[in-house]
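Every chain is numbered from 1, with letters handed out A, B, ... down the list of sequences. It should be emphasised that the depicted structure is a prediction, and the values quoted were computed from it without experimental measurement.
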Amino acid sequence: MSQERTTSDIPKIYEPKAVEAHWNKTWQENGSYDATVNPNRKPYTIVIPPPNVTSVLHIGHALNNTIQDILTRFYRKKGYEMLYLPGTDHAGIATQAVVEKNLKKEENLTRYDLGREKFVERVWAWKEKNGNAIIHQLKEMGCSCDWKRERFTRDEAYSHAVLEVFIRLYEKGDIYKGHRIVNWDPAAATALSDEEVIHKEVQGKLYHIRYKLKDSDDFISVATTRPETLLGDTGVAIAPDDEEKAHLIGKTVIIPLVNREVKIFSDEHVDKDFGSGFVKATPAHDPNDFDMGKRNDLSQILMLDKDGKILPVCLLVKGDEETPELPNPDFLAGLDRFEARKKIIVELKKIGQIEKIEDYTHSVGHSERTDVPIEPYLSSQWFVRMKDLAAPALKAVVDGTVKLHPGDRWYKTYIHWMENIHDWCISRQLWWGHRIPIYYCNDTGRMVAKHTREEAIEALGTENIRQDEDVMDTWFSSWLWPFATLGWPEKTEDLAYFYPTQTLVTAPEILFFWVARMIISGYEFMGEAPFKDVYLHGTVRDNQGRKMSKSLGNGIDPLNIVEIYSADALRSTLMMLSSEGQDINLAESDFEIGRNFSNKIWNSYRFLGMNLDDISDDYQAYSDNFEVADKWILSRLDRTIQSVTGSLEAFHMSDAFKAIYHFFWDDFCDWYLELIKARLYDDVDPAGRKTAQTVATYVLKQCMHMLHPVIPFITEEIWQRLKNDDEDDLVKAAWPEAIGQIDQDAETEMAFVQAVITGIRTARGEMNIPPAARANLLYRTTENKISGMLEAHSTYIQSLARIDSIVAITDQSDLQSAAAVVVNGAELFIPLAGLIDVELEKKRLDKEIGRLEKQVTGLEKKLSNDSFLAKAPAEVVAKDKQKLHDFAEKLGKLKQNLDRL
RNA sequence: GGGCUCUUAGCUCAGUUGGUUUAGAGCACCGGCCUUACAAGCCGGGGGUCGUAGGUUCGAAUCCUACAGGGCCCACCA
């Protein structure tokens, strides 16, 4: 694309919409994001944490995906064969819940009305319709994923991998069926894993209920938060060290309402000082009681059904068998557990068996998905034995094979969890998910794990078989994500090349759900960790620090931000406001930061475009004509390349962005572009103009490289307008390297020039002298070097500080109405008769003097301290001495000037 | 109950292994500017006893201890 000298076609305000749409399309059409097996390059793989198909992406995803895409674009430009693999998760419980809700709302049907097969078809249809929203969002945000490789956890090949894993673990004995207390979600009527349970503080009551002793008028008092479960009591426990009650051991008590006779026993779980010292034991509905039951040989009696309603008749559980036991009172049968709680208390009060009721705050587990209180429930479920599987994954983090970033924050948490890992309940009583590949022989009860019914028939030798009804926990498929997406269990080229992946970027909330389990499965099935680095970023919150949620209505929709502010602005703002691993508080208006930055970039390009003779960045051809500003900006550029590259490599994405942001805005725009204006406007010195043009073009192009990972669209757009014909698109073009242009002398000299200009500006600003009022500058110094620099860079000072002439003086004549500034020992005077308010200038000098005096006093005190002189390193002392000298000199000169007025 | 983390300018946050930073940035605020790239901009300015109390040290926002408050994670307390 060639660039006309005229610039009327470059709009003053950057308009991102068309640009972003254009590049989104072009990059995809050009296959810029595609990854192919390429033995000549090192692979770098990032897999997206697959979002749930149910959800639309929120701003937290935007942060997550932005970080991934920054790494992706950076390493792609660094020359790696970059694969950023996209996809979505079928999210068993969540998706099923959404579809069930819609079904109820729109057709007043339940899943049972449809039946399993029809219902699952509906879920698929829903997925086809809504699943694309996420992919669309990712594209809008500029994520450079290889879209051809999009995966879904219920794809055919992926499903095969999930079943394969189940079968292998089952055959190894690491998956077993157990009859246990699980976390039951009565709303979804399914079991949950421990990780899907969220504990919340709940204001409840502690009920003290009287149980009659058999053959006696005495009673004991039992304390419980869940009186309704007494229907399933099969014992009452006391503490082993409770001497007062020891004589009751072996005695029989009668459970009210059901009149079941149970024994009193002692168990270590009981604390004699809590409540009444008696604990009712309901082994089928409480995990502790379950354990006590095991230890004391209590029977297990179910009193609730799978929906959390009271059973008409209790069920005695023995292994897989359930037999009717005592009937429950009519007024309770069929009632919801919370309704039953109220009723049973009313009834117990009536018959005088409530001793007292106390307020009691305790924590109650809630379902992560449906938010209803969890019911500990005795049922038959599938479990994965985790302890041995987890061992290599624990070791990997301990020895640094897998690194967590920021490490100090999550390391201990990870270790603690892995050392105390529990068996994983993976069966769910849902219909949407990977069905458990266990087939039972209806005659013998024998079971086998097979991919298909046909294989099972062959193995069992009969057609009279049935498949297990349950499906697997969603996480039992997502824990295979890094390799199942690449074709496992087939030995594909992709798998060999792209696995292990490099970096996993995710939120710390799913460290255990997902990250830890992926490491476990990686070792088990691939023999090595699935990634080397795990980057855990913070949570995005609203500007009051609250979590964003639907109910609060404080969420921010990334697409809306893209619409209003652009994808570039979305991304850059997130980087500007985030810091490593720390939560971010965001208001919608914050995205102006990114929008303004894009506009600044646009205008720097616009300015340059207006002042180019032709497009060339061959600045080295003009090195003989370099001025200090050129050497300085090239030197600063080198430093910036080093720090940006280093920060990105160390996962300090935000630091990297801030470094390039400030280099671009402060050094390049505010100083360099201002300093070269004189040359750009100069028609009689073509070499000088050309030098400024080529250096500016080169630096701008280098900035586009470094900004590209964060703001891909505008940088590519500008790059295309400036690039040479033989250069690649920015998305692919090689990442810049520092090339040894650091020039300490130029930096020192520029620092002086900047100090002079800033000093003059400050004096003028504080005097309220309008910029239109030009002034002359007088200076006095004894150092030739200083005067030399002032002479050499007079054009810089004149144009940026609005000075007409610069003249050396030796006396003090004509300084009555001059403002004074001291820089590096040189006294600068701005005589402005009529414009200077002498009183104001006195005040200004006073303030400056006061500030310096404080410094000088402090340093003098420090330097007169013998232990400081003796113990501090010599260089620290020397530095302070130099500092004191400089401050004292400046102070003296300022005082003189104050006297003069 | 255990662990982690945070508390620095009005707001949101940086501040790397204790000494070049007079404790910084962005936003907000105040003053001056439509200076031929950009008012989504430019140039200045004010504003902080670095949560509290001790301790270590020549020297602490930075290390240690206790306390207060916010957040998160883990934990079977009836």
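- At whole-Å resolution of the value, OH in A:Y565 and P in B:C27 are 14 Å apart.
- Remark: P of B:A25 and CZ of A:F657 are 17 Å apart, rounded to the nearest angstrom.
- Spacing between B:U49 and B:C11 at atom P, rounded to whole Å, works out to 13 Å.
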Problem - Dot-bracket notation for RNA chain B, counting Watson-Crick and G-U pairs under 3.5 Å, with | for partners on another strand - result: (((((((..((((.....[....)))).(((((.......))))).....(((((..]....))))))))))))....

Practice task
Mind running salt bridge (Lys or Arg N to Asp or Glu O under 4.0 Å) on A:D242 and A:K245 for me, showing each step along the way?
Solution key: CA-CA 6 Å; A:D242 194 339; A:K245 303 192 182 79; 2.8 Å; yes

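- The gap from the C1' atom of B:C58 to that of B:U65 amounts to 22 Å, rounded to the nearest Å.
- When heavy atoms are screened at a 4.0 angstrom cut-off, A:V222 is found touching no nucleic acid atom at all.
- For the C1' atom pair drawn from B:G70 and B:U56, the interatomic distance equals 29 Å after rounding to whole Å.
- A distance of about 36 Å separates the C1' atoms of B:U20 and B:A40, rounded to the whole Å.
- The P atoms of B:C4 and B:G41 are separated by 44 Å, rounded to the nearest whole Å.
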Output a table of nitrogen or oxygen pairs between the protein and nucleotides 75-77 of chain B separated by less than 3.5 Å.
from, atom 1, to, atom 2, distance (Å)
B:C76, O2', A:N288, ND2, 2.6
B:C76, N1, A:N288, OD1, 3.1
B:C76, O2, A:N288, OD1, 2.2
B:C76, O2, A:N288, ND2, 3.1

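- Remark: the separation of the P atoms in B:G54 and B:G1 is 28 Å, to the nearest Å.
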Do any N or O atoms of the protein come closer than 3.5 Å to N or O atoms of nucleotides 60-64 of chain B, and which pairs are they?
none

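- In summary, the side chains of A:K600 and A:S604 do not present any donor paired with an acceptor at a separation below 3.5 Å, with no hydrogens or angles considered.
- Centroid-to-centroid, the aromatic rings of A:Y414 and A:W417 stay 6.0 Å apart or farther.
- Considering only residues two or more places apart in sequence or on other chains, A:K12 meets the side-chain contact (heavy atoms from CB on, under 4.5 Å) condition with A:R606.
- Look at CZ on A:R679: it is 21 Å from P on B:U36, rounded to the nearest Å.
- Sorted by first and then second residue, the side-chain hydrogen bond (donor to acceptor under 3.5 Å, both in side chains) pairs involving residues 228-237 of chain A (not counting sequence neighbours) are A:Y211-A:D233, A:R226-A:E228, A:E228-A:R341, A:T229-A:K280, A:D233-A:K280, A:D233-A:T282.
- Under the rule for a salt bridge (charged side-chain N to carboxylate O under 4.0 Å, His left out), the partners of A:R180 that lie at least two apart in sequence or sit in another chain are A:D423.
- The aromatic ring centroids of A:F657 and A:F597 lie less than 6.0 Å from each other.
- A salt bridge is absent between A:D886 and A:K883: the closest approach of a Lys/Arg side-chain nitrogen to an acidic carboxylate oxygen does not fall below 4.0 angstrom.
- With contacts defined as side-chain heavy-atom distances shorter than 4.5 Å, the pair A:I718/A:W602 qualifies.
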Completion exercise
Whether each nucleotide of nucleotides 37-44 of chain B has a protein heavy atom under 4.0 Å at its base (B), only at its sugar-phosphate (S) or at neither (-) is summarised, 5' to 3', as BBSBSSSS

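- Applying the salt bridge (charged side-chain N to carboxylate O under 4.0 Å, His left out) definition to pairs two or more places apart or across chains, those involving residues 855-879 of chain A are A:K862-A:D880.
- On the C1' atoms, B:G2 is 15 Å away from B:C76, given to the nearest whole Å.
- Both A:D666 and A:R802 lie near RNA chain B, and the one whose nearest nucleotide falls closer to the 5' end is A:D666.
- In this view, A:R764 satisfies the salt bridge (charged side-chain N to carboxylate O under 4.0 Å, His left out) rule with no residue, not counting sequence neighbours.
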Exercise for the section: Going 5' to 3' through nucleotides 13-24 of chain B, assign each nucleotide B (protein heavy atom under 4.0 Å from a base atom), S (under 4.0 Å only from sugar-phosphate atoms) or - (no protein heavy atom that close). Expected result: SS----BB-B--

Problem - Test log, rule side-chain contact (heavy atoms from CB on, under 4.5 Å), inputs A:L675 and A:K677 - result: CA-CA 6 Å; A:L675 288 171; A:K677 277 182 177 171; over 6 Å; no

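- In this pair, A:F591 and A:Y565 present their aromatic rings tilted. The plane angle is within the 30 to 60° band.
- Using a 30° and 60° split on the angle between ring planes, A:F651 and A:H405 fall in the tilted class, from 30° to 60°.
- Contacts of A:E15 classified as side chain to side chain donor-acceptor pair (under 3.5 Å), with partners at least two apart in sequence or in another chain: none.
- B:A61 and B:U17 are spaced 16 Å apart, taking the C1' atom of each and rounding to whole Å.
- For A:E355, the side chain to side chain donor-acceptor pair (under 3.5 Å) test picks out A:R210, with sequence neighbours left out.
- Between A:E358 and A:K205, none of the side-chain N atoms (NZ, or NE/NH1/NH2) sits under 4.0 Å from a carboxylate O, so this pair counts as no salt bridge.
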